[in-house]
> 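One structure is given below, represented as structure tokens, and several questions about it will come after.
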Amino acid sequence: MDVWIAGAGMTHIGRRAESLQRLMAAAAHAALADAGVERPDAIVVAAMNPEEFVGDGNFASNVTTHMGFAEVPAIRIETATSSGAAAFYAGVAQVAAGLARRVLVVGGEKMTHLPTPRVSELIGRSIDPYERSYGATMPALAGLITRALMTRHGVGEREIGQVAVKNHANAARNPYAHFREPVTLEQVMASRMVADPLRLLHCCPISDGAAAVLVTAERAPVRVAGIGQGTDTLAVRHRHELTSFRATQMAARAAFAMAGFGPARVDFAELHDAFTPFELIALEDIGLVPPGKAARATLDGETALDGRLPINPSGGLKARGHPLAATGVAQIVECVWQLTGRAEGRQVSGRVALAHSIGGLATNNWVTLLQGA
Amino acid sequence: MIETIPASRCPRCGFVAAPPAPFCPRHAVSMTPTAVAGVGEIVSFTTLHSPPEGFRSPLHIALIALEGGARFVCHGSQTRGVRIGSRVAIEAIDDVYYFSSLSALDRARMFWRRTGRAGDRVNAMTRSVVKRIFRGGSSAASQ
């Protein structure tokens, strides 16, 4: 059965004073209003770690009660930093299976009220415990991957810096983005070293925010063409490859197989650029550019807003921001707005959009394909 | 001194995990205990300038491909002269593993130590070191 997206909504991403519940309610009510639906048949909630970040458990009931849907069936889905994409999958699956006709998917996270080392430690718990016992954090593992990419695949400082420049430029046009100021390549290359060779401006910020969509069995302007999940070992040391992600490749294969078309049909994409080199890796893993060509394509402006294949028109995790479980849903929201001509100030043209979300250090990834009318 | 690192091997696919794991990450079968010699090549490394609580800055972390087949994560005391592909030895200091560059003296010592604590594995390792020295020598001679 075809599944459609009838409504989309999100909060501004950034440092927010409101509670997590308040943010998620705002996004949920906006998506429902957009769809013209008063009350969904079911709700799928995504929050990566509300127990530690905000101190609340039983979170599906907690947040749906807060938003006025205490009597609507609700579940919570968690796959680390890709929880939003996984929740979208669960919502689509419910509709496709005929278990519900209109499902609200809402993801959110709130972290900026905690000190940065505490937030890093909590996010880092998605890493293999042995690797963590050696001080491995998300930036540390990304640093290992980046050095291998730069040494073995000829990717340079300019290329990984250009991803940040491009995504900040896009976010400057997105009123919902965490960062609204452009950055220069010089600024990126002069920013402080975080996990050598990764610098501060290669990394996404810590953000608060929420996003929601209404998926439905009734025909709507955007159709879910394909969705795929890919997985890999928790420990990075147990993998055969360091500079490509099996989980992304597997998710992309599944999504394209379901859609019945290939990467050549994709007009623009939202990719998981938590660290800028990850955007280059994703471009090749998904097959959007030929192997070894992502860096060149980026330098040549192919992935810019006015390029052949705009990547992260929203600004991506890098500059729109990365409120963990909200991110996977926020990517879908951006794609819906782009496909329906509502991405004011950063509108790209195209009928097929792709969203890619990474869970943990690429242990549980998702690729979603959306098709506009 | 070359460390012997406890590991485990999957009877199905031969995958070696270090430290040992009860099950293969890719097959639901019990792994067989084994050990690997603490020598290998740097796959990648990084330096953290604001490491997590409990670690001193700067913190050097490396991913090593051990000769026994396992990939291993450990610390380094410094990264001067270290490159991807550098040959390193693993040493345990207070139960924490560190890599250090393999000096010419270490290579010579390993060459002569035909039967060490690790038995066959050290022999296998020695053979590979000999091969490497031989290869290095012949290419130097041909220039």
Side-chain angles (χ1 to χ4, degrees), chain A residues 115-125 127-154 191-200 202-203 231-243 246 250 275 277 361 363, chain B residues 5-8 10 13-21 23-27 31 36 40-66 69-76 78-79 82-86 90 92 95-99:
Chain A
T116 300
R118 170 76 174 147
V119 173
S120 299
E121 189 262 322
L122 289 172
I123 297 174
R125 287 190 199 177
I127 296 169
D128 167 76
Y130 174 81
E131 291 174 2
R132 228 186 312 153
S133 77
Y134 275 78
T137 55
M138 285 295 185
L141 296 176
L144 289 176
I145 290 164
T146 303
R147 186 184 299 281
L149 193 71
M150 292 175 80
T151 307
R152 296 224 157 135
H153 300 273
S191 61
R192 78 178 159 81
M193 203 58 96
V194 172
D196 198 2
L198 271 184
R199 295 176 181 275
L200 184 68
H202 297 138
C203 308
T231 52
D232 205 348
T233 61
L234 186 64
V236 167
R237 70 183 184 286
H238 288 167
R239 301 187 191 164
H240 309 299
E241 281 292 329
L242 195 58
T243 52
R246 182 193 184 276
M250 177 181 166
F275 305 98
L361 210 289
T363 66
Chain B
I5 298 168
S8 59
C10 175
C13 68
F15 175 77
V16 182
F23 301 104
C24 173
R26 297 180 183 85
H27 300 100
M31 296 188 95
V36 285
E41 259 184 24
I42 300 254
V43 176
S44 194
F45 62 98
T46 187
T47 303
L48 290 188
H49 296 280
S50 356
E53 216 180 280
F55 296 92
R56 254 190 298 176
S57 177
L59 178 69
H60 307 292
I61 303 174
L63 178 65
I64 317 279
L66 297 175
R71 283 186 171 194
F72 195 60
V73 166
C74 65
H75 287 159
Q78 53 92 25
T79 55
V82 173
R83 276 191 221 150
I84 287 182
S86 290
I90 312 282
D95 292 329
V96 177
Y97 290 105
Y98 289 83
F99 73 83

> For H202(A) and F275(A), I'd like to know if the aromatic rings sit close, meaning centre-to-centre distance below 6.0 Å.
no
> Please check: side-chain N/O of R199(A) versus main-chain N/O of S191(A), any donor-acceptor pairing under 3.5 Å?
yes
> Would you mind checking which part of S133(A) comes under 4.5 Å of any heavy atom in chain B, side chain (CB onward), backbone (N, CA, C, O), both or neither?
backbone
> What part of L63(B) gets closer than 4.5 Å to chain A, counting heavy atoms only: side chain, backbone, both or neither?
both
> Is it the backbone or the side chain of V96(B) that comes under 4.5 Å from a heavy atom of chain A, or both, or neither?
both
> Pick one of side chain, backbone, both or neither for Y130(A), based on which atoms fall under 4.5 Å of a heavy atom in chain B.
side chain
> Looking only at heavy atoms and a cut-off of under 4.5 Å, which of A195(A), G135(A), G124(A), S120(A) has the most pairs with chain B?
G135(A)
> So what's closer than 4.5 Å to chain A heavy atoms on R26(B): side chain, backbone, both or neither?
side chain
> Which atoms of F15(B) come close to chain A, meaning under 4.5 Å heavy atom to heavy atom: side chain ones, backbone ones, both, or neither?
side chain
> Under a 4.5 Å cutoff for heavy-atom pairs, which residue among A17(B), A70(B), P19(B) has the most contacts with chain A?
P19(B)
> Which answer fits F45(B), side chain, backbone, both or neither, if we ask what part of it has an atom under 4.5 Å from a heavy atom of chain A?
both
> Would a distance-only check, ignoring hydrogens and angles, find a side-chain to backbone donor-acceptor pair under 3.5 Å from T146(A) to A142(A)?
yes
> Taking the side chain from R147(A) and the backbone from T46(B), do they hold a donor-acceptor pair closer than 3.5 Å?
no
> Mind ranking A148(A), A235(A), A136(A) by heavy-atom pairs under 4.5 Å with chain B and telling me who comes out on top?
A148(A)
> Taking atom types as modelled and ignoring hydrogens, do the side chains of H60(B) and T47(B) form a donor-acceptor contact shorter than 3.5 angstrom?
yes
> Mark yes or no for whether H27(B), through its side chain, and C24(B), through its backbone, hold a donor-acceptor pair below 3.5 Å.
no
> L48(B) versus chain A, heavy atoms under 4.5 Å apart: side chain, backbone, both or neither?
both
> Answer with side chain, backbone, both or neither: which region of R132(A) has an atom nearer than 4.5 Å to a non-hydrogen atom of chain B?
backbone
> Relative to chain A, which of P51(B), P58(B), P52(B), S50(B) shows the most heavy atom pairs under 4.5 Å?
P52(B)
> State whether the number of non-hydrogen atoms from other residues, nucleotides or ligands found under 6.0 Å of R118(A) atom CZ is greater than 12.
yes
> Let's go through R246(A) and E241(A) carefully: what are the C-alpha distance in whole Å and the side-chain angles of both, what is the deciding distance for salt bridge (Lys or Arg N to Asp or Glu O under 4.0 Å) to 0.1 Å, and is it a yes or a no?
CA-CA 8 Å; R246(A) 182 193 184 276; E241(A) 281 292 329; over 6 Å; no
> Kindly determine whether F55(B) and Y134(A) satisfy side chain to side chain contact (heavy atoms under 4.5 Å, CB included), including the steps that lead there.
CA-CA 9 Å; F55(B) 296 92; Y134(A) 275 78; 5.6 Å; no
